[in-house]
2 protein chains.
Amino acid sequence: MKDSMIPAVRMAGHTQRGQCAKRMSILDAAADVFCRQGFAAASIDEIAAVACVSRQTIYNHYREKETLFVAVVEDVMNRANAMLFSVLSTFPDSADDLEDGLTAFAVRLNKNCICNHDGKFLRKLVQTEGERYPHLFESWRQQGPGKLTTALSALLARLAHSQALAIDDFDVAARQFVALANADLQMMTLFGGTPSNEELEKAARNAVRTFLKAYGNPKAEKAGGEPQLAAILG
Amino acid sequence: MKDSMIPAVRMAGHTQRGQCAKRMSILDAAADVFCRQGFAAASIDEIAAVACVSRQTIYNHYREKETLFVAVVEDVMNRANAMLFSVLSTFPDSADDLEDGLTAFAVRLNKNCICNHDGKFLRKLVQTEGERYPHLFESWRQQGPGKLTTALSALLARLAHSQALAIDDFDVAARQFVALANADLQMMTLFGGTPSNEELEKAARNAVRTFLKAYGNPKAEKAGGEPQLAAILG
DNA sequence: GTAAAACTAGACGCCATTGTCTAAACCGTC
DNA sequence: GACGGTTTAGACAATGGCGTCTAGTTTTAC
């Protein structure tokens with residue numbers, strides 16, 4: 001009886017959300033409660049209430065609290081990694097409009113990967129529960145933050161190869177780009193705030209201006225970015 | 001009887017550690033356990049065991065778990081703020097040896113304020129318990145991270161005034177300096193690691209090089225920093 | 001040395017939570 | 001409409017932590 005409840009949706013190892021409405025509802029509610037309360041203080045009853053589901057249903061889908069927690073983290077990690085991949089694919093690939101292209105990219109990076117709900121959730125969890133579940137977040141570190149810097153490093157190398165940038169160490173430049181993009185926002189996000197669109201825009205512009213002052217190829221930007229752009233458009 | 005136990009050490013409102021060995025031991029143990037487990041999962045019994053103190057003694061000094069928690073946070077905050085003030089006072093005040101001076105400052109900032117135990121503890125707590133105790137961490141934000149950027153902004157302005165730097169927005173530059181100084185280390189500290197001295201040194205050097213490429217006054221560094229320095233010393 | 005203050009160990013009631021169990025209700029399909 | 005699978009509400013024991021209390025011991029001050 002009890003066993004027959006589980007495999008109705010065949011989840012062959014890999015955690016895929018969606019297939020069942022109840023499962024999705026539980027995952028969302030659990031993410032919400034775990035995020036606000038942390039693992040220890042979160043109660044199954046509250047999760048059930050938020051999910052509009054009985055407690056028994058949760059135990060039907062997830063053997064115990066820890067199983068649910070792991071499923072939630074993996075779900076959020078998958079979403080966050082997919083989003084990061086998507087944002088990385090919008091990195092500007094030409095030297096034209098470099099400042100605007102990088103600025104728009106920085107906005108997307110902050111808005112959809114770092115300052116968004118999933119990003120804050122994962123950073124919060126890795127700090128609070130990282131010691132208890134080292135293997136759980138290790139995969140996120142490799143495929144999230146780790147992949148971000150290596151991918152960004154390669155993308156910057158491409159720009160440098162086309163003479164748009166003058167970079168000696170691509171890994172360092174990649175980390176600095178991310179750090180600069182967050183410079184104006186990290187305190188706000190640390191304290192729970194969410195930046196507005198104007199704040200995102202201004203932070204990205206400040207970051208990219210400094211980044212280009214440090215790494216912009218002097219040969220390529222003799223006349224400055226904006227006049228060039230105006231000349232091309234006009 | 002119970003009341004008579006408390007005022008043996010007259011603590012007139014302000015929380016000052018030290019005066020009693022037991023108090024100190026309790027505060028240290030509680031900081032350790034709260035830091036590892038978080039507020040909810042931390043148990044008074046474990047704190048008592050770590051402090052080598054009976055549970056009742058804790059309740060004699062601190063009315064309840066939350067009182068103890070607040071005392072711990074205030075204690076750590078005071079230490080961290082004092083350390084930050086001390087580090088800020090070592091900011092280089094002359095344009096000589098600017099790269100080395102800024103690098104050494106960045107090393108101290110990371111080592112003693114950001115990557116150290118208290119810094120990680122406070123960032124961790126503000127994320128996990130910030131929503132529950134908004135007023136508690138607000139004072140830290142103002143006197144810690146807030147003061148860091150405003151003070152750094154003023155210090156950079158002083159350098160700019162002496163023609164050593166060319167900065168348009170001092171606040172932005174201050175935040176960017178901190179962000180760059182952390183760029184190579186933030187992932188490690190997020191995942192619980194502690195950087196070695198070599199890593200601290202390298203991270204600071206990378207940060208300051210980029211910062212000076214962006215903000216170094218071209219007039220003052222025509223020949224580059226090191227040759228100038230060598231000429232002066234030689 | 002004595003008395004007050006501080007500390008210890010342990011027991012206790014209370015409460016919240018976890019995870020199980022059961023009987024009843026629901027829902028889609030044949 | 002019958003039936004298998006799923007959900008629900010609630011009861012239940014077990015656990016563990018908080019905060020209190022008491023009785024006895026150690027430390028400190030005079």
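Reckoned from all heavy atoms, side chains included, excluding hydrogens, waters and symmetry mates. Just so we're on the same page: letters track the sequence lines, and every chain starts at 1.
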Calculate the interatomic distance between [X] atom [atom1] and [N] atom [atom2]; express it in whole Å.
| X | N | atom1 | atom2 | value |
| --- | --- | --- | --- | --- |
| B:I44 | D:dG17 | CD1 | P | 11 Å |
| A:N60 | C:dT22 | CG | P | 14 Å |
| B:R55 | D:dG17 | CZ | C1' | 9 Å |
| B:I58 | D:dC18 | CD1 | P | 10 Å |
| A:R23 | D:dT7 | CZ | C1' | 15 Å |
| B:K65 | D:dG19 | NZ | P | 8 Å |

Any B:T57 side-chain N or O less than 4.0 Å from OP1/OP2 of C:dT8 = yes
query = Think B:K22 has a side-chain N or O under 4.0 angstrom from the OP1 or OP2 of D:dT28?
reply = no
query = Which class fits the ring pair A:F177 and A:F211: parallel under 30°, tilted 30 to 60°, perpendicular over 60°?
reply = perpendicular
inquiry  = Can you tell me how the ring of B:F39 sits relative to the ring of B:F69, calling it parallel under 30°, perpendicular over 60° and tilted otherwise?
reply    = perpendicular
query = Is a donor-acceptor contact shorter than 3.5 angstrom present between the side chain of A:Q56 and the base of C:dC21?
reply = yes
key: Of the listed nucleotides C:dC7, D:dG10, D:dT7, the one nearest the side chain of B:H61   = C:dC7
remark   = Of the listed C:dA9, C:dT18, D:dT20, the closest approach to the B:S54 side chain comes from C:dA9
request  = Decide if atom NZ of B:K124 counts as having more than 12 heavy atoms of other residues, nucleotides or ligands within a radius under 6.0 Å.
outcome  = yes
message = Please identify which of these residues, B:I58, B:V50, B:N60, B:V72, meets the side chain to side chain contact (heavy atoms under 4.5 Å, CB included) condition with B:I26.
response = B:I58
ask   = Listed by chain and number, what are the side-chain contact (heavy atoms from CB on, under 4.5 Å) partners of B:S86, not counting sequence neighbours?
value = none
request  = Name all pairs fulfilling the side chain to side chain donor-acceptor pair (under 3.5 Å) condition that reach into residues 146-156 of chain A, sequence neighbours left out, sorted by first residue then second.
outcome  = A:S153-A:D171
remark   = Here the residues of residues 31-42 of chain A within 4.0 Å heavy-atom distance, strictly under, of DNA chain C are A:A42
